[in-house]
Amino acid sequence: MNLDTLNPAQREAVEKTEGPVLILAGAGSGKTRVLTTRIGHLIEDKGVQPANILAITFTNKAANEMRERVEETLESDASDMWISTFHSCCVRILRKDINRIGYNRSFVIYDSADQVTLVKDCLKELNLNDKVFEPKMIISTISGAKDKLYDPKQFKAMHMNDNRMSKIADVYALYQDRLKRNSALDFDDLIFKTVELLKSDKEVLDYYRNRFKYIMVDEYQDTSKAQYELIKILAREHQNICVVGDDDQSIYGWRGADIRNILEFEKDYDDVHVVKLEQNYRSTQIILDAANTVISNNIERKRKRLWSEKKDGELIKIQVAQDEIEESDFVADMIAKISREQNRSYKDFAVLYRANAQSRSVEDALNRSQIPYNIYGGTKFYERKEIKDLIAYLRVIQNPQDDISIKRIINVPRRGIGLRTIEKIEDRANLKQESIYSVLIDIETNSDISTKARNSISEFVDNVIGTLRTMREVYPVSKLIEKVIESIDYYGYIDELYKGNKEEAEERKDNVKEFISVAMEFEQISEEKDLETFLTGVALTSESSEEEEIDKVSLMTIHTSKGLEFPVVFIVGMEDGLFPIARAVRSMNDSEIEEERRLCYVGITRAKEILYLTLTQKRTLYGKTNPSIASRFMEELPKECIERLNSAEKELSYSKASYNVLDKYKQKYMNTINKTAVAKQVNATIKDKEKETNIDDIKPGARVHHPKFGVGTVVGMMGTDVTIAFEQQGIKKINKEYTTLDVL
DNA sequence: TCGGCACAAATTTTT
DNA sequence: TTTGTGCCGA
């Protein structure tokens with residue numbers, strides 16, 4: 001393997017094959033190249049068997065890319081090598097041996113929508129109000145517990161003296177129970193159960209320890225505790241563990257990623273060899289200087305400084321617009337101008353933003369200028385209703401125990417099986433500790449259900465599902481999908497559903513057809529062609545096919561842009577409260593601001609040559625217009641790297657004063673009211689029946705009267721929330737949008 | 001069972 | 001502003 005084209009640091013990372021290695025790979029430092037070369041080096045120069053290598057990534061895209069590049073560089077066959085995402089690696093392990101920990105090996109995988117349904121069921125069964133215990137919130141709590149490897153028992157034990165959390169622990173326990181009964185695992189279980197299996201079964205553990213003699217993990221900064229543990233168990237004996245990551249690009253903390261995994265790697269393993277990849281092959285030095293300076297404001301990080309051989313470059317351009325419409329027009333105009341003058345194609349441009357809601361005005365402006373664009377994010381292909389319905393059918397065909405899927409399709413298309421009927425069936429299933437499907441089979445013995453409903457159910461179970469199940473053995477997946485569509489007249493159903501909107505109906509039908517072609521493609525390329533494998537693939541993939549390679553401007557959130565690069569990048573909405581997002585600004589905890597700053601770092605380092613940062617003076621968001629404050633990150637940019645295109649001076653200094661005021665309020669009230677309240681300057685008014693009370697009068701210390709809670713003192717303000725200490729009712733949070741307050 | 005209306009909430013999302 | 005949800009009357 002030729003290593004001469006690597007720089008010294010890269011080469012070191014490749015050649016140090018034994019023992020724990022930490023590669024701190026800055027943005028654009030060629031880490032994929034290092035990883036693929038390292039694999040090639042292991043096989044060709046060190047004589048390691050491909051089957052002894054495990055390379056883990058987070059996304060399918062990264063895994064596919066790595067496999068392709070490894071196959072390109074290698075002479076020998078690489079098909080024995082495991083190059084996969086955490087999740088598909090775990091599925092592979094579990095399909096083989098999960099029966100050893102009491103699960104069915106042909107489990108289905110529940111996505112987040114299925115989780116919501118299941119949690120709602122559990123809440124109902126436990127008589128818990130889903131407003132007090134919001135399903136989304138419960139799921140993220142459960143997910144957090146699983147990420148940290150707490151099972152329901154441990155979780156319950158940890159929260160014994162917290163009534164609310166204790167209830168959530170009960171939901172967790174029931175949820176887990178139901179998953180098992182349905183032969184289903186959620187995404188987090190895939191990791192959790194693999195760890196459980198490896199910890200509890202020495203035989204299985206020995207097999208994989210012996211098999212994976214060299215382990216590599218990409219994007220290590222994004223690993224959760226559970227993933228960390230998984231890797232640690234596998235690598236314990238041989239310690240040939242090589243992790244690659246960039247702590248400065250850790251932007252998924254809210255999803256369970258634990259940045260400490262990378263920060264403390266050196267503590268977790270003995271004699272860690274650390275390599276820093278600091279040479280950047282992507283951006284100009286000016287862009288890197290800006291990124292370096294901004295990120296240096298973070299306390300919790302490994303020191304790194306990116307540099308580039310591209311010494312020249314354009315200054316970073318800052319534009320202050322009147323509002324988001326003007327801002328978007330500016331972006332569109334500049335794209336038109338630059339593409340014309342510098343002869344660049346549209347695919348060279350990206351517009352990045354903090355929140356999806358911002359895409360709207362940019363889209364409008366690009367449409368006005370007739371600039372083609374591609375928007376990334378939004379509803380995923382497999383999450384579309386029409387596709388989820390079909391998947392539910394397939395799942396039931398595969399695994400009739402899947403109650404969630406049964407319930408989804410039992411009345412799709414409408415068969416006159418209403419909620420009441422389903423409820424009765426569910427009760428009976430719970431009573432008999434059976435699946436819904438088995439109750440459905442014996443429906444004739446169930447006298448409290450109307451004859452009409454019973455007939456529909458028999459028709460559904462025998463003719464629809466029954467027939468389709470017999471076809472499972474003979475037909476390939478794509479054909480099976482067609483049979484499903486045929487037997488339920490799905491196209492007719494779609495027409496009916498969107499009868500007011502022809503266009504929509506056609507789009508849905510196109511999606512269905514796309515789904516069939518996904519299945520056909522699967523039959524072409526997959527080794528295993530059975531339904532189970534297909535469903536697994538569908539569950540672990542978010543996009544149906546590769547992104548379009550058409551010449552269009554890219555619009556996406558900064559999160560989605562991670563790992564990508566563009567010659568010209570616009571980051572819009574550089575405003576405090578938007579970026580960094582309000583929640584992080586309000587937070588008592590600096591770690592949230594630090595994560596926003598890392599996000600900013602990710603955004604800046606996407607740009608290869610030209611970077612524009614834009615902000616507004618006032619922004620309309622969610623139907624409300626508010627004056628903007630420049631992002632604090634703007635202030636952190638080195639002056640010599642930036643160029644202000646219009647009169648930004650004033651706005652920028654204004655911003656500084658503003659958020660310093662915010663920070664001061666924060667400090668002050670943190671001390672006085674025990675970390676519960678933060679003050680925030682708001683320029684809105686609270687409407688009263690007769691008069692308008694200026695919100696400026698409602699400030700910490702003010703005496704107010706609330707229609708329900710009586711007289712109290714304002715102790716803090718957070719966004720639209722006003723925290724008030726009432727004389728009779730104690731401290732309460734009031735939403736200023738929906739309450740009328742009188743200032744006394 | 002379904003359509004319509006009022007009300008509430010609205011980061012980010014690799015699998 | 002947009003989107004989702006819950007409740008009510010037909």
Side-chain angles (χ1 to χ4, degrees), chain A residues 56-64 84-91 109-112 115-116 120 130-131 134-136 139-140 143 147 185-191 218-219 221-224 226-227 249-257 324 352-361 364 376-380 382-383 411 414-422 453 496-497 500 536-543 556-564 573 577-587 592 595-596 598-600 602-603 619-625 719-721 735 737-738:
Chain A
I56 299 265
T57 62
F58 272 81
T59 65
N60 293 304
K61 204 177 148 204
N64 293 337
S84 72
T85 63
F86 265 108
H87 295 266
S88 55
C89 163
C90 288
V91 169
I109 300 164
Y110 277 178
D111 67 16
S112 45
Q115 287 184 287
V116 172
K120 279 186 183 164
D130 64 1
K131 291 219 182 63
E134 285 171 81
K136 287 263 167 62
I139 288 167
S140 72
S143 176
D147 278 340
L185 302 189
D186 64 20
F187 282 129
D188 302 310
D189 278 343
L190 296 177
I191 316 290
D218 194 9
E219 306 280 15
Q221 77 281 355
D222 290 339
T223 47
S224 66
Q227 290 161 338
Q249 291 188 73
S250 164
I251 55 174
Y252 286 105
W254 49 276
R255 250 180 120 268
E324 71 279 354
L352 309 181
Y353 34 80
R354 176 63 243 258
N356 285 120
Q358 291 169 258
S359 72
R360 181 64 185 270
S361 57
D364 289 346
Y376 294 80
T379 327
K380 305 257 169 48
Y382 295 116
E383 284 169 11
N411 206 29
R414 302 223 164 80
R415 303 187 170 87
I417 305 172
L419 283 165
R420 294 295 299 278
T421 313
I422 296 172
E496 180 65 22
L497 207 60
T536 303
V538 164
L540 296 182
T541 324
S542 55
E543 281 315 308
M556 65 186 87
T557 63
I558 306 174
H559 280 93
T560 7
S561 76
K562 196 174 117 189
L564 305 176
L578 189 60
F579 190 26
I581 202 97
R583 182 170 168 158
V585 174
R586 275 188 246 125
S587 167
E592 290 194 39
E595 182 148 319
E596 294 288 306
R598 291 193 290 271
L599 193 58
C600 184
V602 168
R619 177 174 297 271
T620 307
L621 203 62
Y622 307 133
K624 279 221 153 51
T625 306
T720 56
D721 287 334
N735 192 320
E737 312 279 352
Y738 307 109

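Order of the sequence lines fixes the chain letters, A, B, ..., with proteins taken first and strands second; residue numbering starts at 1 for each chain.
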note: A/K61, atom NZ; B/dT13, atom P; distance rounded to Å ~ 14 Å

Between C/dT2 and A/Y622, is there a base-stacking contact, meaning the centre of the base's six-membered ring lies under 5.5 Å from the residue's ring centre while the planes stay under 30° apart? no

Separation of A/I56 atom CD1 from B/dT15 atom P, in whole Å? 14 Å

Give one of base, sugar-phosphate or nothing for A/Q358, where a contact means two heavy atoms less than 4.0 Å apart. nothing

For B/dT13 and A/T560 - does any side-chain N or O of the residue sit under 4.0 Å from the phosphate oxygens OP1/OP2? yes

Counterpart residues, salt bridge (Lys or Arg N to Asp or Glu O under 4.0 Å), relative to A/D111 (two or more places apart): A/K388

Between A/R354 and A/E596 (salt bridge meaning N to carboxylate O under 4.0 Å), is one present in this structure? yes

Rounded distance in Å between the C1' positions of B/dT11 and C/dG6: 25 Å

Side-chain N or O of A/N60 closer than 4.0 Å to phosphate OP1/OP2 of B/dT14: no

Does the side chain of A/N356 get closer than 4.0 angstrom to OP1 or OP2 of B/dT13 through an N or O atom? yes

Quick check for you: among B/dT11, B/dT15, B/dT14, whose closest atom lies nearest to any side-chain atom of A/L540? B/dT15

side-chain contact (heavy atoms from CB on, under 4.5 Å), paired with A/C89, selected from A/T57, A/I191, A/I56: A/I56

side-chain N/O A/T557 vs B/dT13 OP1/OP2, d < 4.0 Å: yes

Could you pick out which residue, A/E134 or A/D188, lies toward the 5' side of DNA chain B when each is mapped onto its nearest nucleotide? A/E134

Closest to the side chain of A/F58, out of B/dT11, B/dT14, B/dT12, is B/dT14

Walking DNA chain B from its 5' end, the first of A/S88 and A/R354 to be reached, judged by nearest nucleotide, is A/R354

A/S143-A/S140 side chain donor-acceptor pair, cut-off 3.5 Å: no

With the side chain of A/T59 defined as its heavy atoms from C-beta on, choose the nearest nucleotide among B/dT15, B/dT11, B/dT13. B/dT15

Indicate, with a heavy-atom threshold strictly under 4.0 Å, whether A/I417 touches base, sugar-phosphate, or nothing. sugar-phosphate

All N/O pairs under 3.5 Å across the protein-nucleotides 6-8 of chain C interface:
none

Within the structure shown, what part of the strands sits under 4.0 Å from A/Y252 by heavy-atom distance: base, sugar-phosphate, or nothing? base

Is the ring pair A/H559/A/Y252 parallel, tilted or perpendicular, if the boundaries are 30 and 60 degrees? tilted

Among C/dT2, B/dT13, B/dT11, the one nearest A/R360 by side-chain distance: C/dT2

